A.B. asks: 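A single structure is presented below for examination.
Quick caveat: nothing in here was measured; it's all calculated off a predicted structure. Just follow the structure's listing: the first ligand is 1, and inside any ligand the first atom is 1.
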Amino acid sequence: MSETVVESKIKEVSIAAEPELEYEEENVDGNEVTDASKKKKKKKRSKKKNIKRIELMFPDEKYPQGLWMDYEQDFNLKRTTDEEKRYSQRDMESEERWNDVRKGAEIHRRVRNSINGKLQPGASLTDIANAIEDATRKFTGAEDLTKMDNPKSQGIGFPTGLSLNHCAAHFTPNAGDKTVLRKEDVLKVDFGVQVNGYIVDSAYTVAFDHQYDNLLTAVREATNTGVKESGIDVRLTDIGAAIQEVMESYEVDINGKTYQVKPCRNLCGHNIAPYSIHGGKSVPIVENGDTTKMEEGEHFAIETFGTTGRGYVVSGGECSHYARMPDVNTTPVLSKAKDLLHTIDRNFGTLPFCRRYLDRLGEDKYLYALNNLVKQGIVQDYPPLNDIHGSYTAQYEHTILLHPHKKEVVSKGDDY
Ligand code: HZT
Ligand code: MN
Ligand code: MN
C-alpha cells in the first residue's frame, strides 16, 4: 500500500467536498442590497448550508472521484499496467456509470456535512431523518414528486437508518415516533443516495460520551480493513476473517465493565445492483467459509457492526423499512393492496422505502394492504435488527467500486 497516494487523495476529497457550504449572496427579488440588509441577510443565512441541486455546483457534470486504493494482492498488482492501458480505451459507458455513483457520493458527503449540527442530544429522530431526507431531496432535485415525471431517476436510495444502542440496523421512525436522542446514546446514521439507480450506501456512528470511543474506533478500523482487503478475485470469507481479527483486537470499558468488541456475526456487507440494494453477494464480518469471490466491475457496500452484546442480531420492534421484490409478478387480491402496489411501483420501483414515504405521498390506512403485500411475497419487510437489551452496537460503511486496475472508495470523506 502506498501511503502517499492515500494521503493526497484524502486531501483531494476533502477539498472537493468543501466549497460552497455557505449560501452565496444572491438577491432573489432583484432589489438593491443595502449594507444593512446585507448584514442581516448574512447573519441570518450564515448558519444555513448551500443546499440546492448538485448540478448547479458542477456545471460540467463531472463529479469528484473517491479515494483510490491499490489492490493488496500481488496477482492484482501485476495486471495494473496492462489493464490500465485497456481501461483507457474502454467505452465511455462505464465512465458514465462511475460518474453517477460519484455524484451520489458527493451528495452523501454534503448531506452528512449539512446535518452535523442537528445530531445533538435533545433532537428527535424524526427531525434528524427529515433533515437528512430533505437535504437529499434538495441536492437531487427530487423535492416535489408531483413535478417529477420519474421519481426514480435520482433521489433517496433507501430509508434513513437511525438505530440506537442495542438496535444495530433498520430502524427509522414511523409516524408519531417521539424518540429523542440522549447524551448516553450510540446512534448509527445509515442513509443512501441513488443516481439512475446507482446507490451509494454509507454509514457512521455518533456518540457523545467518550466511554464509547474504543467501540467506534474498533468498528471504523474493522470497516477500513474490509475496504483494504477487498479486491478482484478475493474470497469473501477472507475479508470476513480480516475484519473479525481487527474488531476483536479492541476492548471497551463501559460503566465499569470491560468488553471485547464482537462483530455482529449475522450482519454483513453486500454488492449493489441497479435499483437493488442487495445484488446477491454478502460480505461477512467473520470468517464464514464462503469462497465466493469479488469480481471486476462490481460495486460493494463494505459495512461492519461491532457490539458489546452477544454478537448476533434478531428482528424485533415495529417494522419501518420495505422493498418491492424484483421479478415478482403476482397480482394482489385485495383492491387496496393493488392500489398501494401501484404507488410503490411508480415512486420507488425496487428501491427500499419506509412508511413515512407513503405518508408524505398522501397514503393513509395502508397498513393492512402493506402487510398483505408482505404476506404474498410481493414486498419484503426489513424489521429492526437488535442485539441483546443493554448492549451497544456501532457501524461504519463505505461504498467501493472495483475498477480493473485500482479500487475506489467512492463515499470517502474527511469525516470518515
Ligand atoms: C436492506 C434494506 C434497506 C440491505 C444492509 C444494509 C442498511 O442487512 C445482504 C447483506 C437498506 C439496505 C438493506 F432499506 N441490508 N445496508 N445499509 N442496511 S441487509 C443485507 O438487508 S442483505 C446485507
Ligand atoms: Mn447502509
Ligand atoms: Mn449496506
Side-chain angles (χ1 to χ4, degrees), residues 101 104-105 108 111-112 129 132-133 136 155-163 167-174 187-194 197-206 219 222-223 226-227 230 236 239-240 243 263-273 275-286 288 290 292 294 298-305 312-316 319-326 344 347-358 370 374 379-387 393-401 409-411 416:
V101 186
H108 198 286
V111 169
R112 66 207 203 215
I132 291 171
E133 291 161 4
T136 304
I156 292 169
F158 56 82
T160 305
L162 293 173
S163 306
C167 179
H170 298 171
F171 182 89
T172 201
N174 284 331
L187 174 69
K188 279 71 63 183
V189 180
D190 189 344
F191 68 97
V193 182
Q194 66 89 10
Y198 298 111
I199 306 168
V200 171
D201 180 4
S202 181
Y204 58 105
T205 301
V206 177
V219 181
T223 294
V227 168
S230 293
L236 298 173
I239 299 170
I243 288 169
C264 295
R265 63 180 183 274
N266 58 334
L267 288 173
C268 41
H270 48 97
N271 66 333
I272 296 172
Y275 295 105
S276 183
I277 188 65
H278 184 213
K281 286 186 185 177
S282 291
V283 184
I285 61 176
V286 295
N288 75 341
D290 185 351
T292 308
M294 288 183 166
E298 282 183 328
H299 171 171
F300 275 94
I302 302 298
E303 61 193 295
T304 78
F305 295 82
Y312 188 87
V313 297
V314 293
S315 305
C319 190
S320 56
H321 289 45
Y322 302 86
R324 195 202 200 299
M325 301 278 280
I344 293 167
N347 290 281
F348 315 114
T350 54
L351 292 169
F353 59 93
C354 62
R355 292 192 200 173
R356 284 184 293 102
Y357 300 173
L358 294 173
L370 181 56
V374 171
V379 166
Q380 169 81 54
D381 56 343
Y382 293 91
L385 299 169
N386 313 295
D387 201 327
T393 63
Q395 175 201 19
Y396 282 89
E397 177 171 28
H398 272 304
T399 290
I400 66 168
L401 302 172
V409 190
V410 76
S411 53
Y416 68 93

A.B. asks: Using only N, O or S atoms, tell me which atom of Asp201 is closest to the Mn ion (ligand 3).
C.D. replies: OD2
A.B. asks: Among all the protein's non-hydrogen atoms, which is closest to atom 17 (N) of ligand 1, and how far away is it?
C.D. replies: Asp190 OD2, 2.9 Å
A.B. asks: Quick one: does Ser282 get within less than 4.0 Å of ligand 1, heavy atoms only?
C.D. replies: yes
A.B. asks: Quick check: closest heavy atoms across His270 and Val283, and the distance to 0.1 Å?
C.D. replies: N-CG2, 4.0 Å
A.B. asks: For atom 18 (N) of ligand 1, what is the nearest protein heavy atom, given as residue, atom name and distance?
C.D. replies: His170 NE2, 2.7 Å
A.B. asks: Report yes or no: does Asp190 contribute a side-chain atom to a donor-acceptor pair with the main-chain N or O of Ala169 at less than 3.5 Å?
C.D. replies: no
A.B. asks: Output the distance between atom CD (Glu303) and atom CD (Glu397), rounded to the nearest 0.5 Å.
C.D. replies: 3.5 Å
A.B. asks: If the cut-off is 4.0 Å to any non-hydrogen atom of Glu397, which atoms of ligand 1 fall inside it?
C.D. replies: 16 (N), 17 (N)
A.B. asks: Decide whether Thr292 and Lys281 meet the rule of one side-chain donor and one side-chain acceptor closer than 3.5 Å.
C.D. replies: no
A.B. asks: Please classify the Ala323 to ligand 1 contact at 4.0 Å (heavy-atom distances, strictly less than): side chain, backbone, both or neither.
C.D. replies: neither
A.B. asks: Side chain of Arg324, backbone of Phe348: donor and acceptor closer than 3.5 Å?
C.D. replies: no
A.B. asks: So if I count the atoms of ligand 1 from 1 in the order they appear, which ones are less than 4.0 Å from some heavy atom of His270?
C.D. replies: 5 (C), 6 (C), 9 (C), 10 (C), 16 (N), 23 (C)
A.B. asks: Working note: Thr160 + Glu133, criterion side chain to side chain donor-acceptor pair (under 3.5 Å); need CA distance, chi angles, decisive distance, verdict.
C.D. replies: CA-CA 7 Å; Thr160 305; Glu133 291 161 4; 2.8 Å; yes
A.B. asks: Spell out, as yes or no, whether a donor-acceptor pair under 3.5 Å connects the side chain of Ser411 to the backbone of Thr399.
C.D. replies: yes
A.B. asks: Under 3.5 Å, side chain of Asn386 to main-chain N/O of Val313, donor-acceptor pair present?
C.D. replies: no
A.B. asks: Atom 9 (C) of ligand 1: which protein heavy atom is closest, and how many Å away?
C.D. replies: His278 NE2, 3.0 Å
A.B. asks: If you consider just the N/O/S atoms, which atom of Glu303 is the closest one to the Mn ion (ligand 3)?
C.D. replies: OE2
A.B. asks: We want to know whether Tyr416 and Ser202 form a side-chain donor-acceptor pair, criterion being a heavy-atom distance below 3.5 angstrom.
C.D. replies: yes
A.B. asks: Report yes or no: does a heavy atom of Cys268 sit under 4.0 Å from some atom of ligand 1?
C.D. replies: yes
A.B. asks: Is there a protein heavy atom at a distance of less than 4.0 Å from atom 12 (C) of ligand 1?
C.D. replies: yes
A.B. asks: Where the closest heavy atom to atom 14 (F) of ligand 1 is concerned, which of Ser202, Ala203, Pro352 has it?
C.D. replies: Pro352
A.B. asks: Which of the numbered atoms in ligand 1 are under 4.0 angstrom from any heavy atom belonging to Gly269?
C.D. replies: 10 (C)
A.B. asks: Can you tell me the N, O or S atom of Glu397 that's nearest the Mn ion (ligand 3)?
C.D. replies: OE2
A.B. asks: Classify the side-chain pair Thr350/Ser276 by whether it contains a donor and acceptor separated by less than 3.5 Å.
C.D. replies: no
A.B. asks: Would you please determine whether Pro159 falls within less than 4.0 Å of ligand 1 on a heavy-atom basis?
C.D. replies: yes
A.B. asks: From atom 16 (N) of ligand 1, work out which of His321, Glu303, Gln380 has a heavy atom at the shortest distance.
C.D. replies: Glu303
A.B. asks: Tell me which part of Asp201 gets within contact of ligand 1: side chain, backbone, both or neither, using heavy atoms under 4.0 Å.
C.D. replies: side chain
A.B. asks: Keeping His108 on the side-chain end and Phe191 on the backbone end, is there a donor-acceptor pair under 3.5 Å?
C.D. replies: yes
